[in-house]
Every structure is written in structure tokens, then in C-alpha cells.
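We name chains A, B, ... by the order of the sequence lines, and we start the count at 1 in each one.
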Amino acid sequence: MSLLRLATWNINSIRQRAGQARRWLERTAPDLLVLQEIKCEAPAFPAADFEALGYRAAVVGQKAYNGVALLARVPFEVTHRITIAGIYAPNGNSGGAAGYAYKLAWMDRLRERAAALAEADTPFAIAGDFNVCPTDEDCAPGALGPTDALVRPESRARFRALLWLGLTDALRAMVPSGPVYTFWDYQAGAWPRDLGLRIDHVLLSPTLAERLLAAEPDRRERGAEQPSDHVPLTVDLA
DNA sequence: ATGCCGGGTCCTACCCGA
């Protein structure tokens, strides 16, 4: 049986953690990795580091903030065409009411885009940092206040609207209940106290969800030297 | 409880993350 391994990782500066990403790719060998918060423009992205491992990079960069990239292993043999979206959704806590409104509007546009993909014939996955804890189980007690943009009801409603399109939350499909975090703040001993959040997600269209074999955040990476505050989330599809 | 850590940049005090 052939396997398609997808992964998403908010790397929090690719220039700071190119070596860590390279070692993780060697160990995990995904077919495709979407990265968020690369924090550089495309020419500064260390594409050669990944080409040496057999990955080709597609970069949408920005100076200082944000920025995403997609690393795909080449060569590959196309047996089933699928569409992969790598996203970095707005946090929504900065910029006051306007910043939160921007987050919600962005999520509304994402839903429209996902609805268009659902209308097409091609199976698809949306993977990335959604900056939403979908339920209370996805936020360690005390890790965030009730007014935080990541847990507010309007944010959660936008996430549910994606699921109502027929999408499957891959990690929750494999781990139906209990804490399974993908992020731990650098502050206040969040990692040693395991005060984490589940905000990185992989959503699968129905035919891909039928092929879901495994989904797991790689907690080892949070314990590395100078880690990102997010860990990679890997999803295996038959 | 925002700003304890850690990234970025107008190079160094300040913005942003979640």
C-alpha cells in the first residue's frame, strides 16, 4: 500500500530553524510539508538546504512577519490528484476590535474558498496554523483567558463552519477526546507544565478522510534546543 | 495578569505572537 504523508509546521523563523527542519524531514520523510511564519521574503528562504534532501520549495514570503512555504518531495509519481492548501490564519489578538474583525473576515473568506474546492472534483486538504482552539478540550485549563481571540465563540463558529462543509479534522478523528496539543507558549513554563493549545490542524475532504491512517503532533520537537513554539503535525493517508 | 520568551527590525526600543 502506498502512503501519502502530509505535515504542517509553524516554524517561527525558517532562518533560525533550517537545521531543525532539515533533521525533522530526514527523520519523518513527509511527501509534503507546509510551513508557517517563515518570517522572510522568498529570496532569503534557504531552499538549497531542502533541495539537498530532495524537496522543492514554493515560497510566499514577507519581511519580518508571517510568510508561508510548501516543501514537496521530488520526483514523485502522481497516482491521485489532490489539492493541498497551507494556511496561516490571523491571530486576532492584536489591533483591537479591528484586528479581531480581520481574523473573522479572513476565516469567512477561507470558508468560501473551501466551499469552492468542495464543489470541484479534486480531493483536498487544508493544513496549517488556524489560530483557533476548536473546543475547550483544545486549550489547557488556564492557558488562555476566555476573551482570547483563539477561543472566542465567533472564532470557533468560523472553524465549525469549515467542518459543516463536510471536512474532517484529521487529528480529532484519530484522537476523539482529551488533550492533544500542537503549541506551547515560550512563557510561564507552558511546556514543562504541559499548558498547551491545539491550534494547528489538517482538514480533509471526504474522500481523503476515508483514507486517513494516522495523525500525530511530534512533541519531541518542542523539547529541542531553541524550538519553535509549535510542533509539526503529521497526517498519513492511504 | 498581559507581556515572564523569543522571533523580527527602523539597531535597539518596540512590534508581534497566541
Student: Say we look at B:dG6 and B:dT2: how far apart would their P atoms be, to the nearest angstrom?
Tutor: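 Per the computed distance, 22 Å lies between those P atoms.
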Student: What's A:N66 touching, base or sugar-phosphate or nothing? Going by heavy atoms closer than 4.0 Å.
Tutor: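 Nothing: the residue A:N66, judged by heavy atoms under 4.0 Å, touches no strand.
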Student: Ignoring backbone atoms, establish whether A:S94 has a side-chain N or O less than 4.0 Å from OP1 or OP2 of B:dC16.
Tutor: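 A:S94 to B:dC16 OP1/OP2: no side-chain N or O under 4.0 Å.
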Student: What pair of heavy atoms forms the shortest contact from A:A140 to A:L195, and how long is it?
Tutor: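 Minimum heavy-atom contact is CB-CA, 3.6 Å.
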Student: I'd like to check the side chain to side chain donor-acceptor pair (under 3.5 Å) partners of A:R27; sequence neighbours left out, ordered by chain and number.
Tutor: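 Side chain to side chain donor-acceptor pair (under 3.5 Å) check on A:R27 returns A:D218, A:E221.
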Student: Given 3.5 Å as the limit, does a donor-acceptor pair link the side chain of A:R211 with the main chain of A:A238, or not?
Tutor: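 Flag set: sc A:R211 to bb A:A238 pair under 3.5 Å.
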Student: List in chain and number order the residues that pass side chain to side chain donor-acceptor pair (under 3.5 Å) with A:T182, two or more places apart in sequence or in another chain; answer none if no residue qualifies.
Tutor: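 Result, side chain to side chain donor-acceptor pair (under 3.5 Å) vs A:T182: A:D200.
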Student: Report the distance from atom CZ of A:F183 to atom P of B:dC5, rounded to the nearest whole Å.
Tutor: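 Atom CZ in A:F183 sits about 14 Å away from atom P in B:dC5.
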Student: With sequence neighbours excluded, give me every salt bridge (Lys or Arg N to Asp or Glu O under 4.0 Å) pair touching residues 153-163 of chain A.
Tutor: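 Salt bridge (Lys or Arg N to Asp or Glu O under 4.0 Å) check on residues 153-163 of chain A returns A:D108-A:R158, A:D136-A:R156, A:R152-A:E154.
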Student: Identify the two heavy atoms, one from A:N12 and one from A:R17, that lie closest to each other, and give their separation to 0.1 Å.
Tutor: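 Taking A:N12 first and A:R17 second, the nearest heavy atoms are O-NH2, 2.6 Å.
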Student: On a whole-Å scale, what distance lies between the C1' atoms belonging to B:dC5 and B:dC10?
Tutor: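 Straight-line distance between the two C1' atoms is 23 Å.
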Student: Round to the nearest Å and state the distance from A:Y88 atom OH to B:dG8 atom P.
Tutor: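 So the two atoms are 13 Å apart, to the nearest Å.
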Student: If the P atom of B:dC14 is compared with that of B:dC4, how far apart are they to the nearest Å?
Tutor: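 It works out to 13 Å between them.
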Student: Examine B:dC10: is either OP1 or OP2 under 4.0 Å from a nitrogen or oxygen in the side chain of A:K63? Give yes or no.
Tutor: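 For A:K63, the contact criterion (side-chain N or O under 4.0 Å from OP1 or OP2 of B:dC10) is met.
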Student: Given a cutoff of under 4.5 Å between side-chain heavy atoms of I, L, V, M, F, W and Y, with clusters grown through shared members, what are the other residues clustered with A:Y65?
Tutor: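 Its cluster mates, by chain and number: none.
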Student: Using the C1' atom on both, measure B:dT12 against B:dG7 and round to a whole Å.
Tutor: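 Between the two C1' atoms, the distance is 15 Å.
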Student: When you compare B:dA1 with B:dA13, how far apart are their C1' atoms, in angstrom units rounded to a whole number?
Tutor: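 Approximately 23 Å lies between the C1' atom of B:dA1 and that of B:dA13.
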Student: Go through residues 191-199 of chain A and report each residue with a non-hydrogen atom lying under 4.0 Å from DNA chain B, sorted by number.
Tutor: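 Within this stretch, A:L197, A:I199 sit under 4.0 Å of the strand.
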Student: Using atom CD of A:E225 as one end and atom P of B:dG6 as the other, report the distance to the nearest whole Å.
Tutor: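 A:E225 atom CD is separated from B:dG6 atom P by 11 Å.
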Student: Starting at CD1 of A:I14 and ending at C1' of B:dG8, how long is that distance when rounded to a whole Å?
Tutor: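 The distance from CD1 of A:I14 to C1' of B:dG8 comes to 15 Å, rounded to the nearest Å.
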Student: Contact class for A:D129 vs. all strands (heavy atom < 4.0 Å): base, sugar-phosphate, or nothing?
Tutor: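 Sugar-phosphate contact only - A:D129 comes under 4.0 Å of backbone atoms but never of a base.
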Student: For a quick test of reading the model, state the closest non-hydrogen atom pair linking A:L150 to A:D148 and the distance between them.
Tutor: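 Shortest heavy-atom separation between A:L150 and A:D148 comes out as N-OD1, 2.9 Å.
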Student: Do any N or O atoms of the protein come closer than 3.5 Å to N or O atoms of nucleotides 2-4 of chain B, and which pairs are they?
Tutor:
from	atom 1	to	atom 2	distance (Å)
B:dC4	O2	A:A188	N	3.4

Student: Measure the CE-CG distance between A:M174 and A:D236 for me, rounded to the nearest 0.5 Å.
Tutor: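 A:M174 CE to A:D236 CG: 9.0 Å, rounded to 0.5 Å.
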Student: For the pair made of NZ in A:K103 and P in B:dC16, what is the distance, rounded to whole Å?
Tutor: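 In whole Å, B:dC16 P and A:K103 NZ are 16 Å from each other.
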Student: Can you tell me the distance, in whole Å, between the CD atom of A:E37 and the P atom of B:dG6?
Tutor: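 Taking CD of A:E37 and P of B:dG6, I get 15 Å after rounding.
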Student: Flag yes if more than 12 heavy atoms outside A:E26 fall under 6.0 Å of its CD atom; otherwise flag no.
Tutor: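 Yes - once you tally the heavy atoms of other residues, nucleotides and ligands closer than 6.0 Å, there are more than 12.
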Student: I need the A:F183 CZ to A:L197 CG distance, nearest 0.5 Å.
Tutor: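 Between atom CZ of A:F183 and atom CG of A:L197 there are 5.5 Å.
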Student: For B:dG8, does OP1 or OP2 lie under 4.0 Å from any side-chain N or O of A:Q62?
Tutor: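 So the side-chain polar atoms of A:Q62 never come under 4.0 Å of the phosphate oxygens OP1 or OP2 of B:dG8.
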Student: From OH of A:Y65 over to C1' of B:dG6, roughly how many Å is that when rounded to an integer?
Tutor: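 These atoms are roughly 13 Å apart.
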Student: In whole Å, what is the span from the CH2 atom of A:W184 to the C1' atom of B:dG7?
Tutor: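 Checked: the CH2 to C1' distance equals 19 Å.
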Student: On DNA chain B, compare the nucleotides closest to A:P227 and A:H230; which residue's is nearer the 5' end?
Tutor: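 It is A:P227, whose closest nucleotide lies nearer the 5' terminus.
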Student: Pick base, sugar-phosphate or nothing for A:F130, based on heavy-atom distances below 4.0 Å to the nucleic acid.
Tutor: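 No contact at all - A:F130 keeps every heavy atom at 4.0 Å or more from the nucleic acid.
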Student: Would you please confirm or rule out a distance under 4.0 Å between OP1 or OP2 of B:dG7 and any side-chain N or O of A:R17?
Tutor: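 Checking B:dG7 against A:R17, a side-chain N or O does come within under 4.0 Å of OP1 or OP2.
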Student: Just checking A:Q226: base, sugar-phosphate only, or nothing, at a heavy-atom cut-off of under 4.0 Å?
Tutor: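 The residue A:Q226 makes no contact with any strand.
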